[in-house]
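Structure, as structure tokens:
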Amino acid sequence: RTLLQRNWRADGTPEDALKAMQRFAVRASRVSSLAELLGVEGAAAAMYFSHFTGMIKRDTEEKALAFDFSVRNRRPPADPVNALLSFAYAVLVRAWTTTLTAVGFDPYRGFYHQPRYGRPALSLDMMEPFRPLIADSSVLMAINNGEVRPSDFVSAAGSVNLRPEGRKRFLSTFERRMSQEVTHPLFGYRLSYRRLFELQARLLGRSLLGDIPEYPIFTTR
């Protein structure tokens, strides 16, 4: 919701989407089961991604056509924006898996995301607040700044993927985002997102041990 507010480029403002997502946030805080929470999350995600294209810079006809986006899909991604989002989420999961392992967690034992063979469920749990902050933001920066171009994608058998050179440039964008500093709302000092991951992992450990009353979710202002 904050990302839409800060990065909207299309005409007008997405007021209906912002109001709907605010209602979904309230509903999410009142659910009584994981299944109900999944339903709310799915509806909110559909609303968010249906407006994602409004944050994409469409300064040339080639760019407007190549990065046209209307719905989130995976396995396989059907267009360049979905290909970038899937790649960004995979890199973010890997970063969290590395961090959680380093501080002593089993990244495959999650809470919200249920354990499944080969699925780093805890990494997926921990990355949720950072999807828009890191992954989606990196995708928008890479497209809008011209760091990833329409020619960086290859399409085959209904699947769209990044070429090696485009992947390298996107990873540079992602790493730059991870190195940006933010102020932690609990402690008041500035640190990079990469350092923030480690801090959040250690705070999760402290909350599970009972040293602090609850895990402090990081959200941007």
Worked verdict on F174 versus F87 for side chain to side chain contact (heavy atoms under 4.5 Å, CB included):
CA-CA 10 Å; F174 188 93; F87 184 50; over 6 Å; no
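- Sorted by first and then second residue, the pairs that involve residues 149-159 and meet side chain to side chain donor-acceptor pair (under 3.5 Å), not counting sequence neighbours, are D152-R169, S159-N161.
- Within the 3.5 Å criterion, the main-chain N or O of V71 finds a donor-acceptor partner in the side chain of N82.
- Residues passing the side-chain hydrogen bond (donor to acceptor under 3.5 Å, both in side chains) test with R27, sequence neighbours excluded: none.
- The side-chain hydrogen bond (donor to acceptor under 3.5 Å, both in side chains) test applied to R131 returns E128, not counting sequence neighbours.
- For E36, the side-chain hydrogen bond (donor to acceptor under 3.5 Å, both in side chains) partners two or more places apart in sequence, or in a different chain, are S32.
- Residues meeting the side-chain hydrogen bond (donor to acceptor under 3.5 Å, both in side chains) test with R190, sequence neighbours left out: T183.
- For R202, the salt bridge (charged side-chain N to carboxylate O under 4.0 Å, His left out) partners at least two apart in sequence or on another chain are E198.
- Side-chain contact between V81 and I143: present, with at least one pair of heavy atoms (C-beta onward) separated by less than 4.5 Å.
- Remark: S50 pairs with M47 by the side-chain contact (heavy atoms from CB on, under 4.5 Å) rule, at least two apart or across chains.
- Although no hydrogens or angles enter the test, the distance criterion places no donor-acceptor pair under 3.5 Å between the side chain of N7 and the main chain of M55.
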Output a table of donor-acceptor pairs, distance under 3.5 Å, between side-chain atoms of residues 203-217 and any protein atom two or more places apart or on a different chain; print 'none' if there are none.
residue: S207; atom: OG; partner: L204; partner atom: O; Å: 2.7
residue: Y215; atom: OH; partner: Q200; partner atom: NE2; Å: 2.9

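- Applying the salt bridge (Lys or Arg N to Asp or Glu O under 4.0 Å) rule to pairs touching residues 11-26 yields nothing, sequence neighbours excluded.
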Give every donor-acceptor pair under 3.5 Å between a side-chain atom in residues 99-109 and any protein atom, sequence neighbours left out.
residue: T99; atom: OG1; partner: A95; partner atom: O; Å: 3.0
residue: T101; atom: OG1; partner: T97; partner atom: O; Å: 2.8
residue: D106; atom: OD1; partner: Y108; partner atom: N; Å: 2.9

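- Applying the salt bridge (charged side-chain N to carboxylate O under 4.0 Å, His left out) rule to E147 yields the partners R176; only residues at least two apart in sequence or on another chain are considered.
- Within the structure, ring pair (Phe, Tyr, Trp, His ring centres under 6.0 Å) pairs that include any residue of residues 7-47 do not occur (at least two apart or interchain).
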